[in-house]
J.: 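Got a structure for you, questions after.
Predicted model only: the values in this text are computed from it and were never measured.
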Amino acid sequence: MYRSDFLQSLAARGHIHQLTDAEALDAAAAAPGLAAYVGYDCTAPSLHVGNLATIMLLRRLQQHGGRPIVLLGGGTTRIGDPSGKDSQRQLLGDATIAANKASIRTAFERFLRFGDGPGDAIMVDNADWLDGLALIPFLRDYGRHLSVNRMLAQDSVRLRLEREQPLSFLEFNYMVLQAYDFVELARRHGCRLQMGGSDQWGNIVQGIELGRRVGCPDLLGLTTPLITTADGAKMGKTARGAVWLNRDQLPDWDYWQFWRNTDDRDVGRFLRLFTDLPEDEIRRLERLEGAEINAAKVALANAATAMCRGEEAARQAEATARATFAEGAAGDALPEARVHFPVGVVDALTAAGLAASRGEARRKLAEGAVRFDGDVVTDPDARLAGPGRLSLGRKRHARLVAA
RNA sequence: GGAGGGGUGGCCGAGCGGUCAAAGGCAGCAGACUGUAAAUCUGCCGGCGUCAGCCUACGUUGGUUCGAAUCCAACCCCCUCCA
């Protein structure tokens, strides 16, 4: 078993997939001030719950005395990570990347404490060193240490080649630059550990190898398992889109609901991975059976929402859930739709976003799925006279208010 | 460069002159049962509509035809085999 609190905690909570050198890492983590980083692409205006697995690694590191480094890939996003893709990703414009970067960074402040103190997290952007890189000096200093043979064996490259899918030289360089990032962070910030999802293993190892050859000998790597739900889907990808961390991409209510609707079988695992609740509390919650387990889901939703969106957001969502589901009222946190009364049900449904089209609204009315203030509405010509709670099915609700 | 095969709705995949808004599966939505869970069963699943109909869709652009996802031509892209 591990001696350091950090690794003990990660192991107990299910965060560890692979380690490059367990003993060395354990020793490094036992001393205070271990610096570790995770890199994030700026491909979207917000990170999503799929990124939470590694964000939690940084959080746990800080909780146990380490120094988290958030690396924003302002430079590498201009290239595009080929891992897990069969075709080149659409190249993003610099303006988009800059906007995404600005938007992404806000989310981290909820999970980590930033500052100038010894245990404070810092945020860096690899554009700072990548953008100005001069090709010939770079090739002479680093290129000679990078083995093409080895790179060709990397999954991200090999799979593309085996399937005879195109791989541009641009993308081929992604791992080179990610490897170089690690060396740069080791030099600038004394960073010894790179963490990431299991798909990043190859890239992480490349960085460690490069470090060994250019005078940063003791770099380490750690990956988290790919988190899937009990029914086998990648976590955080719903049909309606990703579950975003940023409030302007996904309202607090929906974020809370995402966690509240966790599969029974995932509750214990998610409590360990995505909340700070202590082990004995989690053990108590996951032992609940039947309808009782809903209490554990509420605890999960509250803890996860409080961490990402703040205590107040969690409280409001919980209160709204109670009002909406237990009392059949309309809680404050429900999405609001502004309409002019009297309004036809069909228009109200589309305005509230409960139906994607008028046709769908009509179909749902015919199916008996629509209720207004709790009463089933089936007539597509019905008009609603004033404010109230419009529901589609039992789960989706909106408050109609006068425009 | 040569010879074949193929590009169909979010995905997979049938259709190969009218009866095609296009079989089937997956995903999704809703109903029943429940616990805002899972499983199961049922219905729905391009848009608009006073439900008759209209519009948009089968790689792209033209053409043949009363009529084309289906035939022809050119172009773009993908796959297999040969050089």
Side-chain angles (χ1 to χ4, degrees), chain A residues 84-88 90 160-168 228-243 251-271 285-302 304-305 314 316-331 333-335 344-347 349-372 374-383 389-398:
Chain A
K85 290 171 195 67
D86 258 354
S87 55
Q88 182 168 344
Q90 188 86 39
R160 278 267 195 110
L161 296 179
E162 275 174 8
R163 285 183 222 153
E164 302 196 36
Q165 298 293 329
L167 177 74
S168 69
T228 53
T229 57
D231 41 23
K234 212 185 237 181
M235 189 203 173
K237 293 270 183 197
T238 67
R240 257 180 276 165
V243 180
D252 295 337
W253 166 249
D254 294 299
Y255 191 79
W256 194 90
Q257 283 294 319
F258 166 76
W259 294 102
R260 173 60 244 272
N261 284 306
T262 298
D263 190 302
D264 283 9
R265 296 165 288 179
D266 291 325
V267 172
R269 198 159 52 99
F270 286 3
L271 280 165
L285 287 170
E286 71 183 340
R287 258 200 303 269
L288 297 173
E289 282 177 15
E292 298 271 283
I293 199 160
N294 284 326
K297 295 185 188 185
V298 170
L300 172 63
N302 280 341
T305 304
Q316 272 192 17
E318 188 190 1
T320 293
R322 203 179 316 111
T324 305
F325 290 101
E327 296 154 23
L334 289 184
V345 239
V346 171
D347 292 317
L349 283 164
T350 52
L354 296 175
S357 66
R358 298 171 57 78
E360 184 181 324
R362 271 178 234 277
R363 272 180 248 123
K364 291 304 168 204
L365 283 160
E367 287 169 10
V370 178
R371 276 165 301 142
F372 186 65
D375 300 322
V376 175
V377 182
T378 50
D379 178 10
D381 295 323
R383 300 183 75 75
R389 183 183 71 152
L390 187 64
S391 313
L392 179 76
R394 287 160 311 151
K395 283 204 237 178
R396 298 165 65 197
H397 307 276

J.: Within the structure shown, what part of the strands sits under 4.0 Å from R363(A) by heavy-atom distance: base, sugar-phosphate, or nothing?
T.: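 The residue R363(A) makes sugar-phosphate contact but no base contact.
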
J.: Take a 6.0 Å sphere around CD of E289(A) and say whether it holds more than 12 heavy atoms from other residues, nucleotides or ligands.
T.: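 No, because the 6.0 Å sphere around CD of E289(A) holds 12 heavy atoms or fewer from other groups.
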
J.: Just to confirm, is there a sub-4.0 Å distance from OP1 or OP2 of rU50(B) to any side-chain nitrogen or oxygen of R362(A)?
T.: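 Answer yes for this pair, as a side-chain N or O of R362(A) is under 4.0 Å from OP1 or OP2.
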
J.: Going by modelled atom types, is there a donor-acceptor pair between the base of rC44(B) and the side chain of K364(A) at under 3.5 Å?
T.: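 Answer is no: no donor-acceptor pair is held.
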
J.: Using the C1' atom as the reference point in each nucleotide, state the distance between rC20(B) and rA83(B) in Å, no decimals.
T.: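 About 43 Å, rounded to a whole number of Å.
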
J.: Mind checking who rA68(B) pairs with, Watson-Crick or G-U wobble, both distances under 3.5 Å?
T.: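 Base partner found: none.
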
J.: Looking across every strand, which nucleic acid part, if any, lies under 4.0 Å from W259(A) by heavy atom: base, sugar-phosphate, or nothing?
T.: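 Nothing, no heavy atom under 4.0 Å.
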
J.: Where the side chain of T320(A) meets the backbone of A333(A), is there a donor-acceptor pair that is under 3.5 Å apart?
T.: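 The answer is yes, because a donor-acceptor pair under 3.5 Å joins these two groups.
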
J.: Provide, to the nearest angstrom, the distance between the CG atom belonging to L354(A) and the P atom belonging to rU36(B).
T.: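 Whole-Å distance recorded here is 19 Å.
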
J.: Say we look at rA22(B) and rA69(B): how far apart would their C1' atoms be, to the nearest angstrom?
T.: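 The answer is 8 Å between these two C1' atoms.
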
J.: Within the 4.0 Å heavy-atom criterion, would you say D263(A) contacts the bases, only the backbone, or no part of the nucleic acid?
T.: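 Sugar-phosphate contact only - D263(A) comes under 4.0 Å of backbone atoms but never of a base.
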
J.: Where do N294(A) and R260(A) come nearest, in terms of heavy atoms and distance?
T.: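 Result for this residue pair: OD1-NH2, 2.6 Å.
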
J.: For rC45(B) and rG31(B), measure between their C1' atoms and round to the nearest Å.
T.: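 Approximately 14 Å lies between the C1' atom of rC45(B) and that of rG31(B).
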
J.: Please confirm whether the shortest side-chain N or O distance from R265(A) to OP1 or OP2 of rA38(B) is below 4.0 Å.
T.: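 For rA38(B), neither OP1 nor OP2 has a side-chain N or O of R265(A) closer than 4.0 Å.
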
J.: For atom C1', what is the distance between rG10(B) and rA57(B), given to the nearest Å?
T.: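 That atom pair is separated by 15 Å.
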
J.: For K234(A) and rA27(B), what is the distance between atoms NZ and P respectively, to the nearest whole Å?
T.: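 The answer, rounded to whole Å, is 18 Å.
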
J.: When both hydrogen-bonding distances must be under 3.5 Å and the geometry is Watson-Crick or G-U wobble, what is rC20(B) paired with, if anything?
T.: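 The base-pairing partner of rC20(B), which may sit in any strand shown, does not exist here.
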
J.: Is E367(A) salt-bridged to K364(A), going by a charged N under 4.0 Å from an acidic O?
T.: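 K364(A) and E367(A): salt-bridged.
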
J.: Can you tell me how far C1' in rG59(B) sits from the matching atom in rU8(B), rounded to whole Å?
T.: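 About 10 Å, rounded to a whole number of Å.
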
J.: How would you label the contact of G393(A) with the nucleic acid (heavy atoms, under 4.0 Å): base, sugar-phosphate, or nothing?
T.: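 Answer is sugar-phosphate: G393(A) comes under 4.0 Å of backbone atoms only.
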
J.: Can you work out whether I293(A) or P380(A) has the more 5'-proximal nearest nucleotide on RNA chain B?
T.: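 Mapping each residue to its closest nucleotide by heavy atoms, the 5'-most match is I293(A).
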
J.: Is there a Watson-Crick or G-U wobble partner for rA30(B) with both distances under 3.5 Å, and if so, which one is it?
T.: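 Check on rA30(B): paired to rU42(B), both distances under 3.5 Å.
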
J.: Counting only Watson-Crick or G-U wobble pairs whose two distances fall under 3.5 Å, which nucleotide matches rU50(B)?
T.: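 The answer is none; no pair meets the criterion.
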
J.: For nucleotides rC77(B) and rU61(B), find the distance between their C1' atoms and express it as a whole number of Å.
T.: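 It comes out at 15 Å once rounded to the nearest Å.
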
J.: E292(A) near the nucleic acid: base, sugar-phosphate alone, or nothing, with a heavy-atom cut-off under 4.0 Å?
T.: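 It contacts nothing in the nucleic acid.
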
J.: Give a yes/no answer on whether the side chain of S357(A) brings an N or O atom under 4.0 Å of OP1 or OP2 in rG46(B).
T.: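 No, outside the criterion.
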
J.: Rounded to whole angstrom units, what separation is found between the CD atom of E318(A) and the C1' atom of rU36(B)?
T.: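 Between C1' of rU36(B) and CD of E318(A): 14 Å.
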
J.: Does any nucleotide pair with rA74(B) by Watson-Crick or G-U wobble geometry, both distances under 3.5 Å, and what is it?
T.: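 Base partner found: rU60(B).
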
J.: Any strand is fair game: report the nucleotide pairing with rG4(B) by Watson-Crick or G-U wobble, both distances under 3.5 Å, or none.
T.: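 rG4(B) is paired, partner rC79(B).
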
J.: Examine distances only and state if a side-chain atom of R371(A) and a backbone atom of S391(A) form a donor-acceptor pair shorter than 3.5 Å.
T.: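 Not a single qualifying donor-acceptor pair exists.
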
J.: Please state how far atom CZ in R322(A) lies from atom P in rU36(B), giving the value in whole angstrom units.
T.: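 So the two atoms are 15 Å apart, to the nearest Å.
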
J.: Mind checking the P distance from rA32(B) to rA23(B)? Whole angstroms is fine.
T.: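 Straight-line distance between the two P atoms is 28 Å.
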
J.: How is A355(A) classified with respect to the nucleic acid when contacts are heavy atoms under 4.0 Å: base, sugar-phosphate, or nothing?
T.: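 If one applies the 4.0 Å heavy-atom cut-off, A355(A) turns out to touch nothing in the nucleic acid.
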
J.: Which pair of non-hydrogen atoms, one from G368(A) and one from T378(A), has the smallest distance, and what is that distance?
T.: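 Taking every non-hydrogen atom into account, CA-CG2, 4.4 Å.
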
J.: Rounded to the Å, how far apart are F270(A) CZ and rA37(B) P?
T.: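 F270(A) atom CZ is separated from rA37(B) atom P by 16 Å.
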
J.: Take G368(A) and K395(A), find for each the nucleotide of RNA chain B with the closest heavy atom, and name the residue whose nucleotide sits nearer the 5' end.
T.: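 Its nearest nucleotide being more 5', the pick is G368(A).
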
J.: Go through the steps for W253(A) and Q316(A) under the test side-chain contact (heavy atoms from CB on, under 4.5 Å), then give the verdict.
T.: CA-CA 8 Å; W253(A) 166 249; Q316(A) 272 192 17; over 6 Å; no

J.: In whole Å, I'd like the distance from the CZ atom of F325(A) to the C1' atom of rG35(B).
T.: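 Taking atom C1' of rG35(B) as the reference, CZ of F325(A) is at 12 Å.
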
J.: Output the single nucleotide from rU36(B), rC48(B), rG35(B) whose closest atom is nearest the side chain of A291(A).
T.: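 Selected nucleotide: rG35(B).
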
J.: Within this structure, what is the CG-to-P distance between D381(A) and rU50(B), rounded to whole angstrom?
T.: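 One finds 8 Å between P of rU50(B) and CG of D381(A), rounded.
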
J.: Write down the distance separating the P atoms in rG17(B) and rU70(B), rounded off to the nearest Å.
T.: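 After rounding to an integer number of Å, I get 11 Å for this pair.
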
J.: Rounded to the nearest Å, what distance is computed from the CG atom of residue D266(A) to the P atom of nucleotide rA37(B)?
T.: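 My rounded result for the distance is 14 Å.
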
J.: Looking only at the side chain of E367(A) (C-beta and beyond, no hydrogens), which of the listed nucleotides rA30(B), rG49(B), rU36(B) gets closest?
T.: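 The answer is rA30(B).
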
J.: Out of L300(A), V298(A), V243(A), which residue meets the side-chain contact (heavy atoms from CB on, under 4.5 Å) rule with W259(A)?
T.: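 Filter result, single survivor: L300(A).
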
